[in-house]
Number of protein chains: 2
Amino acid sequence: MSARTVSRVVNNEYGVAEATRKQVLEAIEELGYRPNLLARALITKRSGTVGLVGGDMTDPYFPALAEAVHHRVSESGRTTFFACTGNDPQRQDMVLRSLWSYAVDGVIVFPAPDSVDQLRGYARLGLRIVVVDDVIDAPGIACVRFDLVAGARLGVRHLLDSGRRRVGMLASELSPPRRRRRESGFRSAFDDAGLDHGAIVRAPPTVQGGEAGIDRLLDLQPDLDAILAYNDVMAIGAVRAIEARGRRVPDDIAVVGFDDVELSAYMRPALTTVRLDRSLLSIEVTRALHSFIDAPGDRFDPVVLPVELVVRQSA
Amino acid sequence: MSARTVSRVVNNEYGVAEATRKQVLEAIEELGYRPNLLARALITKRSGTVGLVGGDMTDPYFPALAEAVHHRVSESGRTTFFACTGNDPQRQDMVLRSLWSYAVDGVIVFPAPDSVDQLRGYARLGLRIVVVDDVIDAPGIACVRFDLVAGARLGVRHLLDSGRRRVGMLASELSPPRRRRRESGFRSAFDDAGLDHGAIVRAPPTVQGGEAGIDRLLDLQPDLDAILAYNDVMAIGAVRAIEARGRRVPDDIAVVGFDDVELSAYMRPALTTVRLDRSLLSIEVTRALHSFIDAPGDRFDPVVLPVELVVRQSA
DNA sequence: GTTGAAATTGTCATCGTTGACAGAAAGGCG
DNA sequence: CGCCTTTCTGTCAACGATGACAATTTCAAC
């Protein structure tokens with residue numbers, strides 16, 4: 001009974017006599033044997049694991065997506081490991097290096113700013129990458145993103161339709177110019193309407209960032225009557241800061257967010273927001289990943305996901 | 001220039017001539033060489049990684065703690081991988097198996113129900129485990145927990161002091177009897193005061209669970225004037241459900257939660273809650289882990305962390 | 001019983017690294 | 001210069017699995 005035979009049994013390979021198989025399984029049970037995945041991955045270059053790399057765990061969008069992705073990935077018998085980069089390219093490099101050298105079958109990445117070349121590099125090393133919310137044309141990299149331009153336009157349209165005219169935007173300071181698609185949509189919606197948009201202020205995409213951003217925005221332009229925020233977390237900060245200044249939401253200033261995190265519905269006022277459907281995203285990113293893993297190719301056509309406006313109380 | 005020499009340079013080992021070292025470093029740079037961590041971990045039985053295993057990512061307490069742990073762990077040059085179990089012992093087993101067989105240096109676990117023997121088993125296999133919020137006496141397992149009994153007593157005391165007399169409790173259905181320390185504290189506080197407590201209802205520790213729990217609780221005992229909730233997420237659900245029934249918080253029914261997640265302060269009414277200080281917890285769990293990793297021993301005295309009541313608007 | 005093909009099992013090399021130890025080079029000293 | 005010590009570098013085996021292929025067993029058919 002050689003190690004090779006045990007290996008065959010463990011991997012359910014063809015060509016083991018039923019009696020031997022049973023015998024091996026009993027021995028495995030008795031001895032509590034567990035295959036060493038390190039050794040296996042070392043030789044097969046495959047580990048049966050997938051990495052999900054996000055920027056900031058404390059943004060509730062990430063955990064919710066993570067849960068969904070984990071679920072889908074586990075259906076293919078793989079384990080998902082999560083890691084976060086704090087939106088720092090160096091930390092992202094560390095994380096990707098670890099994941100790569102543990103031979104993950106692929107990673108799903110919310111890329112840190114200015115890390116396109118880094119990602120290209122890992123793709124060249126053979127790491128299969130699914131990039132969320134950016135467009136990188138390279139073999140081994142698949143791109144999945146929401147139609148944020150349309151999303152911003154939906155939001156602006158809604159605000160204009162409800163009579164708002166002085167609309168500012170709270171953008172994220174982490175988005176490099178290439179990825180400022182919400183801003184493009186914001187601008188283009190005003191162009192189409194033949195109106196001028198209000199100021200755009202960039203801040204960290206957090207609750208605190210939202211508060212700070214609003215302070216700057218209202219100092220810049222005190223007569224604003226509506227805000228389009230980069231995401232729900234910023235929108236929440238915005239609502240807080242607006243109320244702290246003694247103005248009311250939505251009566252004085254309307255607020256529209258992006259994401260539709262669970263919490264948005266529980267806020268008072270409940271948040272009007274552009275929904276980026278996590279379930280949709282989780283389906284598409286795992287589909288992309290599986291197509292990479294199971295198929296021989298290294299190309300995957302970019303996917304653009306639709307968005308939808310969820311009108312609640314804040315606008 | 002043998003592989004052994006390169007290995008020595010990469011690991012900063014003693015006994016390499018300066019000239020050779022420089023030469024090797026240049027070659028590494030030029031060729032883009034990266035050591036294969038799989039092979040290294042296979043032979044050294046150490047991977048320089050740590051696992052953090054939680055039940056539910058969508059409970060905001062976990063990501064916030066994860067961020068803090070990640071930060072602390074990375075200071076020792078290690079990478080943290082996160083995984084979640086959905087509070088399912090089988091999924092926990094899969095996750096721990098993966099982590100173990102990737103030779104993580106240790107794991108921090110929020111244990112799924114009924115998994116004590118499982119954890120003992122992995123500890124016997126050599127996995128170093130830090131258990132949060134449970135007490136398991138076994139070599140290789142360290143335990144860190146909050147003083148939840150005191151926390152519940154603080155919460156009840158506060159409610160009694162503000163004149164509430166009919167106090168119900170929203171507990172978690174995932175806690176096995178051994179771990180119902182909030183409930184013990186709840187009961188003992190009433191015993192001490194010579195009063196009777198209200199009904200205790202168990203539900204899933206989620207927003208939806210909180211809503212469902214409140215419905216059952218108020219059907220059972222419609223005259224409740226206060227609720228102690230298992231955690232903030234349930235408390236948020238409770239507030240929602242109470243208001244949906246046309247009662248007000250805190251005027252009609254006061255609500256106290258546990259955790260003090262960031263969001264608690266942003267709710268309206270802002271949540272009164274028993275703070276389980278994440279920063280404290282992250283310090284202690286990583287301390288425990290490092291003591292396991294760097295020291296030869298396999299014993300670590302259980303740590304009990306203090307809690308504090310944060311009074312806001314909901315009670 | 002022999003033969004041949006098919007089914008089953010075993011052997012050996014390999015993945016990329018490090019531990020143990022041996023060999024080579026360099027330096028110190030009489 | 002020879003000898004010894006110290007410093008540096010290389011060789012070999014091993015970690016635990018699998019790929020390639022060889023060896024053995026089984027079994028049917030002649």
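Proteins come first, then strands; the chains are lettered A, B, ... in the order of their sequence lines, and each starts at number 1.
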**Student:** How many angstroms lie between CG in Leu38(B) and NZ in Lys45(A), if you round to the nearest 0.5 Å?
**Tutor:** 8.5 Å
**Student:** Can you find a heavy atom in the side chain of Arg181(B) that is under 4.5 Å from one in the side chain of Asp133(B)?
**Tutor:** yes
**Student:** Hey, mind stepping through Arg72(B) and Glu75(B) against salt bridge (Lys or Arg N to Asp or Glu O under 4.0 Å) and telling me if it holds?
**Tutor:** CA-CA 5 Å; Arg72(B) 294 223 132 66; Glu75(B) 282 170 359; 5.1 Å; no
**Student:** Using a 4.5 Å cut-off on heavy atoms from C-beta on, say whether the side chain of Val10(B) contacts that of Ile28(B).
**Tutor:** yes
**Student:** To the nearest angstrom, how far is Asn11(B) atom CG from dG16(C) atom C1'?
**Tutor:** 13 Å
**Student:** Taking the side chain as every heavy atom from C-beta outward, state whether Thr58(B) and Thr206(B) have any atom pair closer than 4.5 Å.
**Tutor:** no
**Student:** Starting at atom CZ of Arg40(B), determine the distance to atom C1' of dG16(D), rounded to an integer number of angstrom.
**Tutor:** 18 Å
**Student:** Using the C1' atoms of the five pairs at each end, what is the angle between the end axes of the helix from dG1(C)-dC30(D) to dG30(C)-dC1(D), to 10°?
**Tutor:** 50°
**Student:** From Leu119(A) CG over to Asp134(A) CG, what is the distance, rounded to the nearest 0.5 angstrom?
**Tutor:** 8.5 Å
**Student:** Show every side-chain hydrogen bond (donor to acceptor under 3.5 Å, both in side chains) that has at least one partner inside residues 18-32 of chain B, sequence neighbours left out.
**Tutor:** none
**Student:** Just so I know, are the side chains of Tyr14(A) and Arg8(A) near enough to count as touching, which here means a heavy-atom distance under 4.5 Å?
**Tutor:** no
**Student:** Grab the CD-C1' distance between Glu18(A) and dA7(C) for me, whole Å please.
**Tutor:** 14 Å
**Student:** Quick check on contacts: within residues 29-39 of chain B, what sits under 4.0 Å from DNA chain C by heavy-atom distance?
**Tutor:** Tyr33(B), Arg34(B), Pro35(B), Asn36(B), Ala39(B)
**Student:** Any side-chain heavy atom of Tyr61(B) within less than 4.5 Å of one from Leu281(B)?
**Tutor:** yes
**Student:** Using a cutoff of under 3.5 Å, can you pull out all pairs of nitrogen or oxygen atoms linking the protein to nucleotides 23-27 of chain C, with atom names and distances?
**Tutor:**
none

**Student:** Look at atom CD of Glu173(B) and say whether more than 12 heavy atoms of other residues, nucleotides or ligands are closer to it than 6.0 Å.
**Tutor:** yes
**Student:** Quick one about Ser115(B) and Gln92(B) (side-chain donor to acceptor, distance below 3.5 Å, no hydrogens or angles considered), yes or no?
**Tutor:** yes
**Student:** Are Asp105(A) and Ser47(A) packed together at the side-chain level, in the sense that at least one heavy-atom pair is separated by less than 4.5 angstrom?
**Tutor:** yes
**Student:** Report yes if the side chains of Ser282(B) and Leu65(B) come closer than 4.5 Å at any heavy-atom pair, otherwise no.
**Tutor:** yes
**Student:** In whole Å, what is the span from the CD atom of Glu13(B) to the P atom of dT9(D)?
**Tutor:** 13 Å
**Student:** Tabulated below should be each protein N or O lying under 3.5 Å from an N or O of nucleotides 24-27 of chain D; please produce it.
**Tutor:**
none

**Student:** Per the side chain to side chain donor-acceptor pair (under 3.5 Å) rule, which among Thr49(A), Thr80(A), Thr79(A) passes with Ser98(B)?
**Tutor:** Thr79(A)
**Student:** Do the charged groups of Asp137(A) and Arg120(A) touch, with an N to O distance under 4.0 Å?
**Tutor:** no
**Student:** How long is the line joining CG of Leu42(B) and C1' of dC15(D), in whole Å?
**Tutor:** 4 Å
**Student:** Is the count of non-hydrogen atoms from other residues, nucleotides or ligands lying under 6.0 Å from Glu13(B) atom CD greater than 12?
**Tutor:** yes
**Student:** Restricting both atoms to N or O, compile the protein contacts to nucleotides 9-14 of chain C shorter than 3.5 Å, with distance only.
**Tutor:**
{"unit_1": "dT9(C)", "atom_1": "OP1", "unit_2": "Thr20(A)", "atom_2": "OG1", "d": "2.3"}
{"unit_1": "dT9(C)", "atom_1": "OP2", "unit_2": "Ala17(A)", "atom_2": "N", "d": "3.0"}
{"unit_1": "dT9(C)", "atom_1": "OP2", "unit_2": "Thr20(A)", "atom_2": "OG1", "d": "3.3"}
{"unit_1": "dG10(C)", "atom_1": "OP1", "unit_2": "Met1(A)", "atom_2": "N", "d": "2.6"}
{"unit_1": "dG10(C)", "atom_1": "OP2", "unit_2": "Ser2(A)", "atom_2": "N", "d": "2.8"}
{"unit_1": "dG10(C)", "atom_1": "OP2", "unit_2": "Ser2(A)", "atom_2": "OG", "d": "3.4"}
{"unit_1": "dG10(C)", "atom_1": "OP2", "unit_2": "Thr5(A)", "atom_2": "OG1", "d": "2.7"}
{"unit_1": "dG10(C)", "atom_1": "N7", "unit_2": "Arg8(A)", "atom_2": "NH2", "d": "2.8"}
{"unit_1": "dG10(C)", "atom_1": "O6", "unit_2": "Arg8(A)", "atom_2": "NH1", "d": "3.4"}
{"unit_1": "dG10(C)", "atom_1": "O6", "unit_2": "Arg8(A)", "atom_2": "NH2", "d": "3.3"}

**Student:** For a quick test of reading the model: is some side-chain N or O of Lys45(B) closer than 4.0 Å to OP1 or OP2 of dG16(D)?
**Tutor:** yes
